[in-house]
Amino acid sequence: MTLPPLEIVLYTGAVSLLIIGLAGLVMGDNLVRLVLALAVAEAGVNLLLVLSGFRQGAFAPILLEGRVPGPMVDPIPQALVLTAIVIGVGVQALALALVLRVRRAYGTVEMRTLRARLHEDLDAAAGLPPETSRNAPAVERPA
Amino acid sequence: MRNFTSLLFAGGLGFFLLVLAADLPVGAAPMVAGEGILGQGPEAVGAANLVTAVVLAYRGIDTLGELSILFAAAAGVGLILSGMRRRADQRPDPEGGFILLAAADLLFPLLVIVGLYIVLHGHLTPGGGFQGGVILAAAFFLPLLGRPGDSLNHAVVNWVEGLAGGAFVLIGLWALAVKGDFLAPMLGKGALGSLFSAGTLPLLYIAVGLKVGAEIAGLMSTLQETEAAEP
Amino acid sequence: MYWITVLVVAIMILSALAVLLLPNLLAAVAASSVVSLALSVVFVIIRAPDVAMTEAAVGAGLSGVILVLALRRLGLWGLGDDNHPRPGDSLQGSGDDA
Amino acid sequence: MTAVEIVATVLLCAAVLLGLGRLVVGPTNPDRFVSADMVSVVTTVALAGFAAVFESPLYLDVAMIYGVLSFVGMVALARVVEGNRS
């Protein structure tokens, strides 16, 4: 049996990280866990981008004492991912601030409960009776 | 049913991406622009760290865009949480124990020195404004973890942030006026590998470090001052 | 080197699964910091020290601090996924269901 | 790899796996935090080891940053755990 090359192992890791994050993002119910899943998916994407510049047996793109040690890996994906990581943490903080706001307005961070309370609020604003409105036929709603 | 569809979607996307990855030229990645930068970067820019050369010289305008995105995120957090500040009658978190307070006081100068080292040597060794800025923010936030009643001076933080951002744009405009390219390297290159080399790149990285550090410290301080939800 | 890489990738995937499956949110935050730790080692292996340093700084320190502060402000710390605390639900007893 | 490097690798891998097991199993939250802290310390040592294997001092900076900032993260986690004690 021959082992797969190193790049295939790394690409598998990156893709499965992305898939795990994406699955958590579509299936999760807790808003904080959605933020965590977003961070995991982002990590996978960053690894995928840096891997696109990887060459086996190459050196880091930094010159020591001014001499070129040999073939070097591609510096451009590394520079782009550098900024992407910092942007990612800013986005994460913004999402958590929104979660804090949602928790204060609705008292929950569960998507299911949140959606039910949102519907109740909308129906109350539209002047419908609160009990029956969610199961009533659509034709009875005001246009 | 919804879970099944979601899993099917995620698995299908994973299979598709893996099939794409299996067709990649494994072992020798094609480098179109990278070869040129690796070849002529050290002479053209003068930075030993070629990632720094890409971040600040070749793609400097992208870094400016990244800084503005981070600024927008920090401003958004401040705006969203502005109505949720802890009231005076609410008790903050309890103060930390002796070990945490002593460690915070002892570590503060060390963390500041490490952060400044990482920022200043950004063009020679791995590191730079982003990493050093994060460490500076951690240095200023660690005492707040020990004493949650205190708070950062937000006016000073905003001034540092604005001045650093203005300095970045001003250096870029200066290069535009003299050389005709925004953020073109200025001030001579110096000897490759010494601290005073690579022209304006260390100055730009100091501006980036101060701006990132101020933004992240302000962001964490805002979260710290937010009122706690009743359990 | 090959088997070290395989092991680190396996640790990364396992702790990413733990982020989604652990019922306790604080434990999920700890597992997500382990994910970025393993990712930082992978970045060192593929010769990207700059990116590894950023990932270490952000994943180990900053992201954990922000998430934990937000959990504390949300009042969700120490609880499981359900945010309806029972009276007398102490911090030590809440992690037993893992 | 020399014999010393192989022995060091095996020991570090064993330490990381033990810590990871405690992170997943760990009955209470403080157990999980202590194990996460232990894994991060072991990883700092492993990063320094990578610098030795690659024969390049560049990677030592990564280990330093990791060691410094994992302390801050763990302090924040510990603060939250002790938070409700007045």
Side-chain angles (χ1 to χ4, degrees), chain A residues 3 5-7 9-10 12-14 16-17 20-21 23-24 27-33 35-37 39-40 43-44 46-47 49-51 53-55 58-62 72-73 75 77-79 81-86 88-89 92-93 95-97 99-100 103-104 107-110 113, chain C residues 1-3 5-23 25-26 28-29 31-33 35-36 38-40 42-59 61-63 65-67 69-71 73-76 80-84:
Chain A
L3 294 169
L6 189 64
E7 278 95 345
V9 176
L10 290 166
T12 312
S16 40
L17 217 57
I20 289 170
M27 296 197 317
D29 197 46
N30 191 311
L31 285 179
V32 181
R33 209 173 281 271
V35 176
L36 283 172
V40 169
N46 287 341
L47 182 51
L49 282 177
V50 177
L51 268 178
F54 173 59
R55 297 196 291 181
F59 289 86
I62 296 168
M72 294 194 276
V73 297
Q78 298 192 14
V81 167
L82 202 70
T83 57
I85 291 174
V86 181
V89 82
Q92 198 177 12
L96 282 173
V99 173
L100 275 167
R103 157 88 178 165
R104 193 192 188 190
T108 179
V109 292
E110 301 275 329
T113 330
Chain C
M1 210 67 226
Y2 183 82
W3 290 107
T5 311
V6 172
L7 183 78
V8 173
V9 168
I11 288 175
M12 192 168 74
I13 295 172
L14 281 182
S15 39
L17 281 176
V19 169
L20 298 190
L21 298 181
L22 280 179
L25 280 178
L26 270 181
V29 171
S32 86
S33 94
V35 171
S36 68
L39 188 65
S40 149
V42 170
F43 280 140
V44 165
I45 289 175
I46 62 176
R47 305 297 200 279
D50 275 284
V51 188
M53 191 183 270
T54 315
E55 183 69 38
V58 165
L62 200 58
S63 169
V65 171
I66 288 177
L67 278 165
L69 274 179
L71 278 183
R73 295 294 172 260
L74 282 167
L76 289 178
D81 259 356
D82 59 329
N83 56 341
H84 310 291

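Below, each value reflects all heavy atoms present in this structure, side chains not excepted, and no hydrogens, waters or symmetry copies. Numbers restart at 1 for each chain; the letters A, B, ... are given by sequence-line order, proteins then strands.
Taking 4.5 Å as the limit, every side-chain heavy atom of R103(A) sits out of range of all side-chain heavy atoms of T108(A). Residues L7(C) and I11(C) have side chains in contact (heavy-atom distance under 4.5 Å, counting atoms from C-beta outward).
The candidate with the highest count of non-hydrogen atom pairs below 4.5 Å against chain C, out of L100(A), T12(A), N46(A), V81(A), is L100(A). Options V9(A), V40(A), I20(A) differ in how many heavy-atom pairs under 4.5 Å they form with chain C, and the most are formed by I20(A). The candidate from L10(A), V73(A), L36(A) with the greatest count of non-hydrogen atom pairs under 4.5 Å with chain C is L36(A). The candidate from L20(C), V9(C), L17(C) with the greatest count of non-hydrogen atom pairs under 4.5 Å with chain A is L20(C).
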Handout entry: Audit row: L47(A), I46(C), side-chain contact (heavy atoms from CB on, under 4.5 Å) steps and yes/no
Key = CA-CA 10 Å; L47(A) 182 51; I46(C) 62 176; 4.1 Å; yes
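For A43(A), the parts sitting under 4.5 Å from any heavy atom of chain C are the backbone and the side chain alike. Heavy-atom distances place the side chain of L17(A), and not its backbone, under 4.5 Å from chain C. For a residue to count as touching a neighbouring chain, one of its non-hydrogen atoms must lie under 4.5 Å from one of that chain's; by this rule L67(C) touches chain A with backbone and side chain alike. For V42(C), the part lying under 4.5 angstrom from a heavy atom of chain A is the side chain only. For V51(C), the parts sitting under 4.5 Å from any heavy atom of chain A are the backbone and the side chain alike. With a 4.5 angstrom heavy-atom cutoff, L39(C) touches chain A only via side-chain atoms.
Rounded to the nearest 0.5 Å, atoms CG (L96(A)) and CG (L69(C)) are 10.0 Å apart. We find the CD-CG distance between Q78(A) and L49(A) to be 11.5 Å, quoted to the nearest 0.5 Å.
Pairs engaging residues 43-52 of chain C under the side chain to side chain donor-acceptor pair (under 3.5 Å) rule: N49(B)-D50(C) [sequence neighbours left out].
Applying the side chain to side chain donor-acceptor pair (under 3.5 Å) criterion to S63(C), with sequence neighbours excluded, gives Q92(A).
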